[in-house]
Peer 1: 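This is the structure, below, for whatever I ask next.
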Amino acid sequence: MKKKVLSVMMGVFMTSSLLAGCGSSEGDTAGQADSSTQEVSAQETAKEESKEQQATEGTAATEIPDDYKYYFSFDEEDERVHAAIQDTAATPIVQTTDDAVNYVNGVSGNALYVDGSKGAKLDVNGVGDTYSVSFWVYSERSANYMPTLQYGPDIHGDATGGQHYVNFTWADWNPDGSAFPCVWAYDQLDDAKWPNWYPDEANTHVGEWNNITLTVDPSELSEDGTLIVAHLYFNGEELVGYDSDGNVRPTYVVSGTMAESDNFDFLLGINYWDAIMKGAFDEIYVYDYVLDAGQIKALYEAGDATSTYDAPTHEVTLTVDENAIDSVGATDFSNAWWSDWSEFTELKDGETKVVKLKNWSDGVNNYDNYTVLFTNEKTPAHEDPNESGSADHKEYACVRADAFGWTPDGDIDSALFNYSWGNWGTWLQQVMTEADVELTISRSGSELTVNAVQTDYLGSANTCQVTFPADITADDDCFFAITGEACYIDILSIEDAVSVVADPDAIDSVGSTDLTNAWWTDWSTPIEIADGTTTTVNFKNYSDGVNNWDNYVMVFTNEETEAHQNPNPDEGVGSADHVEYAAIRADAYGWDVDIDGGDVTYETSWGDDWATWLDAMKDADVTLTITRDGTSMVVDAVIVDRNGNKFTNKTSWTTTCAAGDPMYMLLTCEECYIDIMSVETK
């Protein structure tokens, strides 16, 4: 048994191992290296010149025009402001509610607060292709693609089958790291490229007030005439954009993103797909003309960027789960250290167990949360294992929620812990006061692994992983239990983890067995889908059960491209005539020419029970029956999980591929592994 150390000390010596480096490719010749150096030097010179030009010219503030089309000060109740949630069972997914909207101190009076579980929708309609949008934003956290302000006449494509929007978001595609703001404008109907903007320096700007203004004049077009050259201002100054190669590139938007529509969305902190923002908005303006630099500077100077931001506190209400298989601690958090233990679970060499639990704490001390205890004996539950154990009782290790642990030989090396949170105050007072925790606990030889995913009441997840040596051999007995101090824990389930095992009899495979493959990085051998035939494809789908999109995806194209190579013509092996007719995911979602431009229907047997479906997809036998009859396409999917439970998904649509023309299907996936066992066509 190890005595606790002070939480103050913890904050001093624990370090996070989150930084990743980028390396250049090997094998460049001297000439290539010299040429590359000259190009980089020229790019850096261009950057510095643009910065110097901005600093020299400067901009004098004039006045804020009062002929706006829409203005929101948030200083008082406004019937045009509505709370909004994501409801995947509804159409559209973003739905307004009657919930009260909350306010905090802003840059000028009050600001609208979004708590990370819901955002807001404003009564705003489009004003045309010539416009200016300005707003202040304060975000407590960043996440890839997470929206701040997003608007468009049909963001999700529910009404027209296409998508038009502008999203001011974070993006990690910047070569220097995650950056904000990034303008993401999209027009899926016209199949425009995804224009985006790269700042010259990566900065998330989390935890500070910032003013953002975008001006759009449709007379300014890209060289090919397909995109509008917009101007993005950050805190009163225009930003210079760069692409991933360091070349200066304007901020692009697509036409129609501010078109008037019955389906127009003007959303704050929320969209149809991504993490919901936690933070605040203030002083939102929409004009139907282009503001000049002086007016934009005036919008910035009218707000106080140093204004104090005080988020409302979350009231924790502890609720005992009657379905819990075990519980540890006290609901009033009065339990002392080493006073309660769950039932012990055996962990054999080579085994992995997944434990789901609810952690409640008062948010005072980092050590007042769950702890995993490893011993050599299965002692009685809720009895001190030191007293109820035999004379040969051993304690192999303890691993705490706060990235700290020990063995009989001393503390576990802090460098072995990898954890994702940087703010200990947020982790302690927000995450762990009411956390849904999934522990993946493994044993391999003399090493033990504890991998934790801790999700707070807002749905934000953080991770902590450690693999460490223990005084244990493959022949030794090993058991683990959950304990804790000044906290309450409901243990909801303990199950065997899914083992991803590549099948040597598979005729093809996609993805990686460690489930780390990125999106659009691997494709199966193309399978011909001839007109008038029915093709049956049997395969094994493995995933971690976290994200619904991390499962198989069917891509229908007009070409038999090479297996495991990018079928896109710009980046891979497809020809200039390459067409993607449809991409259909396992979770009843799709896109591309057929889906975006036409009608598609999904009929699923799991309804709204996504948690059960996600668990099923961890280790599922899938049979796809693909029928093509002229321009009519039907995919019947039968999914059988590891416990024999059956799920079905029928997708029907009309293809733009003419009857008799060639069509091929490729399987791809993200953070998933697929073994294709058979393909049969009749």
Side-chain angles (χ1 to χ4, degrees), residues 50-51 54-55 57-74 106-108 111-112 122 124 126-139 147-152 165-171 179-185 195-200 203-205 208-220 228-241 249-254 257-258 266-269 277 279-305 307:
S50 64
K51 290 180 181 177
Q54 284 184 332
E57 293 177 356
T59 302
T62 54
E63 294 182 352
I64 298 175
D66 59 6
D67 56 346
Y68 45 77
K69 287 296 182 181
Y70 299 95
Y71 169 56
F72 296 84
S73 68
F74 304 117
V107 297
S108 177
L112 179 71
L122 308 186
V124 171
V127 297
D129 269 353
T130 304
Y131 65 91
S132 300
V133 174
S134 181
F135 64 101
W136 283 87
V137 62
Y138 185 107
S139 182
T148 54
L149 174 63
Q150 184 164 356
Y151 56 84
Y165 62 73
V166 168
N167 184 14
F168 299 88
T169 184
W170 284 260
F180 174 83
C182 172
V183 174
W184 186 345
N196 39 53
W197 175 84
Y198 301 85
D200 56 337
N203 193 332
T204 59
H205 294 289
E208 58 187 51
W209 280 108
N210 290 291
N211 178 253
I212 297 172
T213 302
L214 181 75
T215 64
V216 180
D217 180 351
S219 67
E220 290 190 65
I228 300 173
V229 176
H231 296 270
L232 181 65
Y233 296 79
F234 187 75
N235 292 336
E237 300 294 338
E238 184 171 1
L239 288 173
V240 177
R249 188 175 77 176
T251 301
Y252 290 122
V253 301
V254 291
T257 51
M258 190 55 96
F266 199 88
L267 306 175
L268 303 183
M277 191 189 112
F281 295 87
D282 204 359
E283 299 299 299
I284 296 180
Y285 289 87
V286 179
Y287 295 87
D288 62 355
Y289 59 90
V290 174
L291 298 175
D292 63 34
Q295 294 166 330
I296 293 168
K297 192 65 172 287
L299 288 168
Y300 167 65
E301 292 188 353
D304 180 7
S307 177

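Just so we're clear, the structure is a prediction, and the values are computed from it rather than from any experiment. All residue numbers refer to positions in the sequence shown, counting from 1.
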Peer 1: Roughly how far, to the nearest 0.5 Å, is CG of Leu291 from OG of Ser134?
Peer 2: 7.5 Å
Peer 1: Considering all heavy atoms of both residues, which atom of Thr215 and which atom of Ile296 are nearest to each other, and what is their separation?
Peer 2: CG2-CD1, 3.8 Å
Peer 1: Please report the C-alpha distance between Leu268 and Leu112 in whole Å, then the side-chain angles of each, then the deciding distance to 0.1 Å, and finally whether the side chain to side chain contact (heavy atoms under 4.5 Å, CB included) criterion is met.
Peer 2: CA-CA 9 Å; Leu268 303 183; Leu112 179 71; 3.5 Å; yes
Peer 1: Please answer whether the main-chain N or O of Gln295 pairs with a side-chain N or O of Thr62 as donor and acceptor at a distance below 3.5 Å.
Peer 2: yes
Peer 1: Is any side-chain heavy atom of Trp170 less than 4.5 Å from a side-chain heavy atom of Ser139?
Peer 2: yes
Peer 1: Backbone N or O of Phe168 within a donor-acceptor pair of the Trp184 side chain at under 3.5 Å?
Peer 2: no
Peer 1: Could you tell me the separation between the CD1 atom of Ile228 and the OG1 atom of Thr257, rounded to the nearest 0.5 Å?
Peer 2: 6.5 Å
Peer 1: Taking all non-hydrogen atoms of both residues, which atom of Asn167 and which atom of Leu149 are closest, and how far apart?
Peer 2: OD1-O, 3.6 Å
Peer 1: About how many Å separate CZ of Phe281 and CG of Leu122, when rounded to the nearest 0.5 Å?
Peer 2: 9.0 Å
Peer 1: Do the ring planes of Tyr71 and Tyr68 sit parallel (below 30°), tilted (30 to 60°) or perpendicular (above 60°)?
Peer 2: tilted
Peer 1: Any side-chain donor-acceptor pair under 3.5 Å between Asp217 and Tyr131?
Peer 2: no
Peer 1: Return the orientation label for the Tyr233 and His231 ring planes: parallel under 30°, perpendicular over 60°, tilted otherwise.
Peer 2: tilted
Peer 1: Should the pair His205 and Phe180 be assigned to parallel (<30°), tilted (30 to 60°) or perpendicular (>60°) ring geometry?
Peer 2: perpendicular
Peer 1: To the closest 0.5 Å, what do you measure between CG (Leu214) and CZ (Phe234)?
Peer 2: 14.0 Å
Peer 1: Going by heavy atoms in the side chains, are Tyr165 and Val254 under 4.5 Å from each other?
Peer 2: no
Peer 1: Please confirm whether the backbone N or O of Tyr138 pairs with a side-chain atom of Asn210, one donor and one acceptor, at under 3.5 Å?
Peer 2: no
Peer 1: One pair to check against side chain to side chain contact (heavy atoms under 4.5 Å, CB included): Met277 and Thr148. What are the steps and the verdict?
Peer 2: CA-CA 7 Å; Met277 191 189 112; Thr148 54; 3.7 Å; yes
Peer 1: How long is the straight-line distance from CG of Leu267 back to CD of Gln150, given to the nearest 0.5 Å?
Peer 2: 6.5 Å
Peer 1: How close do Gly106 and Ser307 get, heavy atom to heavy atom, and via which atoms?
Peer 2: O-OG, 2.7 Å
Peer 1: Nearest 0.5 Å please: distance from the OG1 atom of Thr213 over to the CD atom of Glu237.
Peer 2: 11.5 Å
Peer 1: Using every non-hydrogen atom in the two residues, find where Tyr300 and Trp136 come nearest and quote the distance to one decimal.
Peer 2: O-CZ2, 3.1 Å
Peer 1: Quick one: do the Asn211 and Asn235 side chains pair a donor with an acceptor below 3.5 Å?
Peer 2: no
Peer 1: Is any side-chain heavy atom of Phe72 closer than 4.5 Å to one of Asp282?
Peer 2: no
Peer 1: Closest approach of Glu301 and Ala61, non-hydrogen atoms and distance?
Peer 2: OE1-CB, 3.3 Å
Peer 1: What is the minimum heavy-atom distance between Ser132 and Tyr289, and which atoms define it?
Peer 2: OG-O, 2.7 Å
Peer 1: With Met258, which of Thr130, Val286, Val166 fulfils side chain to side chain contact (heavy atoms under 4.5 Å, CB included)?
Peer 2: Val286
Peer 1: Do Tyr151 and Val133 touch side chain to side chain, with heavy atoms closer than 4.5 Å?
Peer 2: yes
